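To start, the structure under review is shown below, and the notes come after it.
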Amino acid sequence: MTQTMTGRSGKLALFGGDPVRKTAFPSYNSLGEEEKKAVMEVMDEGVLSDFIASQGEFFNGGKRVRRLEEAWAEKFGVKHAVAMNSATSGIFAAVGAVGVGAGDEVIVSPYNMSCSASCPFVYNAIPVFADIEPEYFCLDPQSIRERLTPQTKAIVAVSSFGQSADYEAIMAIAEEHQLMVIDDAAHVAGGTYKGRSAGTAAHVGIYSLNAHKIIQCGEGGIAVTDDDELALRLRLIRNHAEAVTGEMEIENLDNMLGWNYRMTELEAAVAYEQLQKMDRLNAERRALAEHLTRRLQGMPGIVAPQVREDCGHVYYLFPILFKEQAVGISRARFVEALIAEGIPFYARAAGYVKPYYLEPMFAKRTVYANGCPFDCSCYQGQVDYSPGICPVTERLYESEMIMNTYCYPPMTTADMDDIADAFGKVLDNLELLR
């Protein structure tokens, strides 16, 4: 029996051999006794939500919502934190708060959660897709520049998969062209960017507390900003702005149609306890990711996540690049062999998400029944959603990305070794796969 690059050898499980991994990986659960106690305290008090859509103390919610906001602002080094019932709500509120309106264009990412791409539609504005960086997977500043037009009002960048976008470059573009910038920071809670908290370099940053995120409260989000006016507008849109702008003497009524984006006291109680655990949970993720990265080094055609300079990655996801030419088989065949070895993959398959401009709403330009915003008299531009506009994104989706959620506690370095051994075993048997 020959020695392999993994130290393991044998027939591929795809062809009837024993798989590297015979048991399922443990699931991620960041909840514990602290959250149970916090929830029961809320239940015993009997106040599940304490917002009122009227000027006064409770316009900003109950005591646990406000405690969470204060703790979040202190932890992330920002002036204001505004709790929402989801990060999607936070992004919609942020687009309204920065003044996006009918006929405006907003530069967005094609390769992340759908709301990051569709959010301009809420205000009858037009999403314009820029391409992403081939090594870090965030919006490419050069592509942003290429998409600028006289109609461009804002940029919704995404800090993807666990590390920050290049906000030094993005904010320079924004300042030059007087644009507003929103960071969809759903993946980077606890990460860093050039000495500050990831998600805080834009005019508004939005974190997610969805059940699948590093810290969570089921559903929820936090918007952060250092701008007093933006913070007020976020709070107004969160809580039925149209009902209170008069009594609060709000002069700028643009986008002051409010919604119910309010967080409950139950969610805030859980999120506060989760915030106390964030650093430990991220440290465990980093340790696992760094171990797996070391194990994957040197494997032909396999590139572990690359980390931007002066950036602290928190590995919400662990995106691997697959170089088909170097490996000599298709990604689909390679992933099929890995799954047979007992290694799971992201639910939407290896390529992550389809570039959003290829989805029907964009491809058919159908959002509202009367043809708006594309046929709206306010819009003076032309937008392109055809295949090929973002070649890096399309290449990743079609053939290069292997997306997974490998690196989370309570997984161990032994689990990471199983993953790396499975990669190595498949690479050792390429001739059979061909």
Side-chain angles (χ1 to χ4, degrees), residues 20-39 68 72 75 86-88 112-113 137 158-163 184-191 198-199 206-222 266-293 295-296 304-305 312-320 335 338-339 341-350 352-353 401-420 422-423:
V20 169
R21 180 88 183 190
K22 296 182 179 180
T23 59
F25 289 113
S27 60
Y28 181 59
N29 183 0
S30 59
L31 301 174
E33 293 301 318
E34 302 88 349
E35 289 80 8
K36 292 179 184 178
K37 179 180 178 183
V39 166
L68 172 63
W72 198 283
K75 180 68 174 176
S86 72
T88 298
N112 211 275
M113 175 62 180
F137 318 122
V158 180
S159 292
S160 296
F161 310 148
Q163 72 173 325
D184 177 351
H187 294 180
V188 295
I206 313 293
Y207 302 92
S208 177
L209 294 168
N210 172 269
H212 304 293
K213 298 304 186 294
I214 293 169
I215 60 172
Q216 57 108 353
C217 58
E219 298 289 352
I222 305 285
L266 283 170
E267 291 168 322
V270 172
Y272 179 83
E273 297 301 332
Q274 288 277 287
L275 182 60
Q276 316 311 309
K277 301 178 178 182
M278 181 180 68
D279 290 345
R280 173 179 61 80
L281 293 171
N282 280 331
E284 293 179 29
R285 283 179 177 268
R286 286 193 184 99
L288 293 170
E290 288 166 2
H291 182 86
L292 181 55
T293 295
R295 286 295 318 276
L296 294 176
H313 207 308
V314 292
Y315 299 98
Y316 169 65
L317 297 174
F318 192 89
I320 296 171
V335 169
L338 283 174
I339 292 173
E341 296 297 335
I343 309 303
F345 281 90
Y346 188 71
R348 293 194 188 182
Y352 192 49
V353 296
M401 178 64 74
I402 298 180
M403 182 61 71
N404 56 79
T405 59
Y406 291 149
C407 303
Y408 56 80
M411 292 177 73
T412 66
T413 55
D415 295 317
M416 300 301 103
D417 287 335
D418 282 348
I419 295 164
F423 270 78

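What you see is a predicted model, and the numbers here were worked out from it, not measured in a lab.
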Measuring only between side-chain heavy atoms, which start at C-beta, is Pro344 closer than 4.5 Å to Phe25?
yes

Ile419 side chain reached by Leu296 side chain, heavy atoms, under 4.5 Å:
no

Which heavy atom of Ala422 sits nearest a heavy atom of Glu341, and at what distance?
CB-CB, 4.0 Å

Tell me whether Asn29 contacts the main-chain N or O of Pro410 through its side chain, where contact means a donor paired with an acceptor under 3.5 Å.
no

Locate the shortest heavy-atom distance separating Gly199 from Val188; write the atom from each residue and the value.
N-CG2, 4.5 Å

Would you check if Leu209 and Val270 make a side-chain contact, meaning some heavy-atom pair closer than 4.5 Å?
no

Qualifying residues under side chain to side chain donor-acceptor pair (under 3.5 Å), relative to Thr412, sequence neighbours excluded
Asp415

Determine all donor-acceptor pairs shorter than 3.5 Å in which one atom belongs to a side chain in residues 313-320; sequence neighbours excluded.
residue	atom	partner	partner atom	Å
His313	ND1	Gly162	O	3.4
His313	ND1	Tyr315	N	2.9

Residues forming a side chain to side chain donor-acceptor pair (under 3.5 Å) with Gln276, sequence neighbours excluded
none

Applying side chain to side chain donor-acceptor pair (under 3.5 Å), name anything that partners Ser86, two or more places apart in sequence or on another chain.
Ser89

Can you find a heavy atom in the side chain of Asp279 that is under 4.5 Å from one in the side chain of Lys75?
yes

Kindly indicate whether a cation-pi arrangement holds for Arg295 with Phe423, taking the cut-offs as under 6.0 Å to the six-membered ring centre and within 45° of the axis.
no

With sequence neighbours left out, what residues match Gln274 under side chain to side chain donor-acceptor pair (under 3.5 Å)?
Ser30, Glu35

Shortest non-hydrogen separation from Leu281 to Pro409 and the atoms involved
CD2-CG, 4.0 Å

How long is the straight-line distance from CD of Glu284 back to NZ of Lys277, given to the nearest 0.5 Å?
11.0 Å

One pair to check against salt bridge (Lys or Arg N to Asp or Glu O under 4.0 Å): Glu33 and Lys36. What are the steps and the verdict?
CA-CA 5 Å; Glu33 293 301 318; Lys36 292 179 184 178; 3.4 Å; yes

Taking all non-hydrogen atoms of both residues into account, name the closest pair between Leu275 and Ile215 and its distance.
CA-CD1, 4.1 Å

Can you tell me if Tyr408 uses its side chain to pair, donor with acceptor, with the backbone of Ile214 under 3.5 Å?
no

Identify the residue among Arg285, His212, Lys213, Gln216 that makes a side-chain contact (heavy atoms from CB on, under 4.5 Å) with Tyr28.
Arg285

Aromatic ring proximity Phe137/Tyr352, centre distance under 6.0 Å:
no

Evaluate the side-chain proximity of Thr23 to Arg21: yes if any heavy-atom separation is below 4.5 Å, no if none is.
yes

Trace of the side chain to side chain contact (heavy atoms under 4.5 Å, CB included) decision for Ser159 with His187
CA-CA 7 Å; Ser159 292; His187 294 180; over 6 Å; no

State, to 0.1 Å, how close Ala87 and Ile206 come at their nearest heavy-atom pair, and which atoms those are.
O-CG2, 3.5 Å

Spacing of Thr88 atom OG1 and Glu219 atom CD [to the nearest 0.5 Å]
8.0 Å

Note: Asn112 and Ser160 closest approach over all heavy atoms is ND2-OG, 3.6 Å

So, using salt bridge (charged side-chain N to carboxylate O under 4.0 Å, His left out) as the criterion, who are the partners of Glu273 when residues are at least two apart?
none

